[in-house]
Number of protein chains: 2
Amino acid sequence: MTLDLSVDRSSPVPLYFQLSQQLEAAIEHGTLTPGSLLGNEIELAARLGLSRPTVRQAIQSLVDKGLLVRRRGVGTQVVHSQVKRPLELSSLYDDLETAGQRPATKVIVNTVVPASAEVAAALGVAEDSDVHRVERLRLAHGEPMAYLCNFIPPGLLDLDTAQLESTGLYRLMRSAGITLHSARQSIGARAATAAEAERLAEEEGAPLLTMQRVTFDDTGRAVEFGTHTYRPTRYSFEFQLLVRP
Amino acid sequence: MTLDLSVDRSSPVPLYFQLSQQLEAAIEHGTLTPGSLLGNEIELAARLGLSRPTVRQAIQSLVDKGLLVRRRGVGTQVVHSQVKRPLELSSLYDDLETAGQRPATKVIVNTVVPASAEVAAALGVAEDSDVHRVERLRLAHGEPMAYLCNFIPPGLLDLDTAQLESTGLYRLMRSAGITLHSARQSIGARAATAAEAERLAEEEGAPLLTMQRVTFDDTGRAVEFGTHTYRPTRYSFEFQLLVRP
DNA sequence: TCAATGCATATGTCTGGACAATCTGACTAC
DNA sequence: GTAGTCAGATTGTCCAGACATATGCATTGA
């Protein structure tokens with residue numbers, strides 16, 4: 001069947017982006033069935049009144065997302081597998097919200113402390129200089145799910161306790177004009193200490209999932225250092241990986 | 001300082017790739033210092049005798065890797081942060097080897113079994129149909145580090161015990177002509193059972209790091225389903241994330 | 001029967017331009 | 001002095017082609 005594609009040249013949305021969105025919708029919707037060929041680029045460009053580079057740019061963006069596979073001499077195929085979303089720089093809050101769980105946050109600590117050696121190294125600030133320290137308990141359906149301890153360099157954003165309880169840290173940062181760029185993560189496990197067990201309603205010695213993360217903005221500045229502990233019976237890290245060709 | 005860039009038009013290596021490699025090397029080597037502007041694309045193209053799209057393609061590939069940031073009206077900047085490598089579809093074997101540890105593998109089980117419901121669903125094969133089952137103990141410096149249980153659909157590759165002990169599963173697959181494309185992973189934690197504790201030289205009830213993974217090739221076929229348990233005192237998952245703009 | 005050759009097809013690479021959108025900084029007007 | 005305006009610089013988007021190269025299939029040859 002011929003796909004119903006069209007572009008609006010009067011729109012400020014780039015043409016390649018209009019096309020890639022329509023193709024992605026068609027894949028998502030099942031109009032483009034997995035394994036089917038997309039039809040060659042030249043003909044597609046002619047049909048839409050676009051140039052081949054523009055069509056290629058649209059296709060390439062979907063290849064990067066893992067939705068399409070190109071084969072020279074063959075064509076462009078729709079990957080047929082349950083590709084969800086590749087791993088994003090997401091916050092636990094957003095994860096929970098999209099999963100339909102209603103996340104709640106209880107701010108335990110929201111203060112300014114001198115940076116320890118570890119925090120100073122992670123954030124790239126001087127030792128003993130002031131940094132924000134935020135500790136939060138994240139709940140889902142009223143049950144504790146994770147304990148989040150974060151350090152934030154001063155002057156980046158207002159850390160209002162009420163705001164911290166109503167949304168996630170990443171969302172606050174983005175709305176403060178910070179462009180998140182990359183993060184370095186480490187995921188491990190260890191036995192709960194007595195204090196941790198108490199906070200998360202677990203037993204001492206119970207296995208906990210741990211995550212440490214340093215987040216950088218697009219200037220390379222560290223904007224956040226976090227040490228999180230999760231209840232493994234309530235949470236696990238799920239993500240999709242793509243090979244870089 | 002002016003960067004020493006050049007391209008070899010007689011080489012079969014694409015021009016944009018030659019350029020991106022030289023730029024990456026310069027960044028890695030410190031010749032291009034973090035935060036410095038790259039100089040505008042037009043002038044760079046003229047200096048190298050290339051067209052602007054070619055130069056843009058080279059730069060774009062480094063932007064995708066997170067090494068550069070473009071800003072309209074400003075220029076292209078070298079990100080200054082310890083960007084290592086974004087998360088790749090890597091095997092534990094390769095990870096250990098590049099970390100300088102000498103990995104060893106002991107194949108515990110290498111047989112063919114009927115697929116359980118869980119395995120059949122993950123691999124997309126019929127329940128009770130034959131699949132390979134491989135169980136391996138991965139050691140580093142003679143110490144057990146992880147217990148790997150994998151299921152592989154039949155007919156994909158020869159599962160030779162000697163080969164499994166001398167290299168990793170992913171490497172075997174790649175050399176069998178399989179093009180790995182994506183994987184769906186889940187990382188969690190739980191307490192060790194008596195049997196698991198014994199295999200990994202831990203105590204019963206000790207926290208273990210767990211990973212489940214289904215790997216797909218570029219046709220969307222599932223080529224491997226694995227259930228791994230790691231000793232959290234010896235191993236953690238470390239990776240770099242990039243935001244997709 | 002099976003292997004080698006050749007051809008059509010599709011993507012990969014590259015060119016040389018054009019105009020638009022955005023950011024920075026300097027200049028001007030109040 | 002401050003705010004608004006404008007010009008220059010730079011990347012973003014787009015075009016119309018050209019040739020290279022890998023793939024799959026049909027044809028040809030042994």
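Everything numeric in this text was worked out from a predicted model, so none of it was measured. Naming convention: chains lettered A, B, ... in sequence-line order (proteins, then strands); numbering from 1 in each chain.
The list of salt bridge (charged side-chain N to carboxylate O under 4.0 Å, His left out) pairs with a residue in residues 148-165 of chain B, not counting sequence neighbours, is empty.
By the side-chain contact (heavy atoms from CB on, under 4.5 Å) test, B/Ser20 is found to be paired with B/Phe17, B/Ala58, B/Ser61, B/Leu62, residues two or more places apart in sequence or in another chain being considered. For A/Asp8, the side-chain contact (heavy atoms from CB on, under 4.5 Å) partners two or more places apart in sequence, or in a different chain, are A/Ser10, A/Ser11, A/Gln18.
In this structure, B/Leu48 atom CG and C/dG16 atom C1' are separated by 16 Å, rounded to whole Å.
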Contact letters for nucleotides 11-18 of chain D, in which S counts primed atoms plus P, OP1 and OP2 and B counts the base, heavy atoms under 4.0 Å: BBBSBB-B
Under 3.5 Å, which donor-acceptor pairs do the side chains of residues 32-46 of chain B form with other protein atoms, sequence neighbours left out?
from	atom 1	to	atom 2	distance (Å)
B/Ser36	OG	B/Thr33	O	2.6
B/Asn40	OD1	B/Ile42	N	3.0
B/Asn40	OD1	B/Glu43	N	2.7
B/Glu41	OE1	B/Arg52	NE	2.9
B/Glu41	OE1	B/Arg52	NH2	3.1
B/Glu41	OE1	B/Arg56	NH1	3.3
B/Glu41	OE2	B/Arg56	NH1	3.1
B/Glu41	OE2	B/Arg70	NH2	2.4

Which pairs of donor and acceptor atoms, one on a side chain in residues 114-134 of chain B, lie under 3.5 Å apart (sequence neighbours left out)?
from	atom 1	to	atom 2	distance (Å)
B/Ser116	OG	B/Val119	N	3.3
B/Ser129	OG	B/Ala126	O	2.7
B/Arg133	NE	B/Glu135	OE2	2.7
B/Arg133	NH2	B/Glu135	OE2	2.7

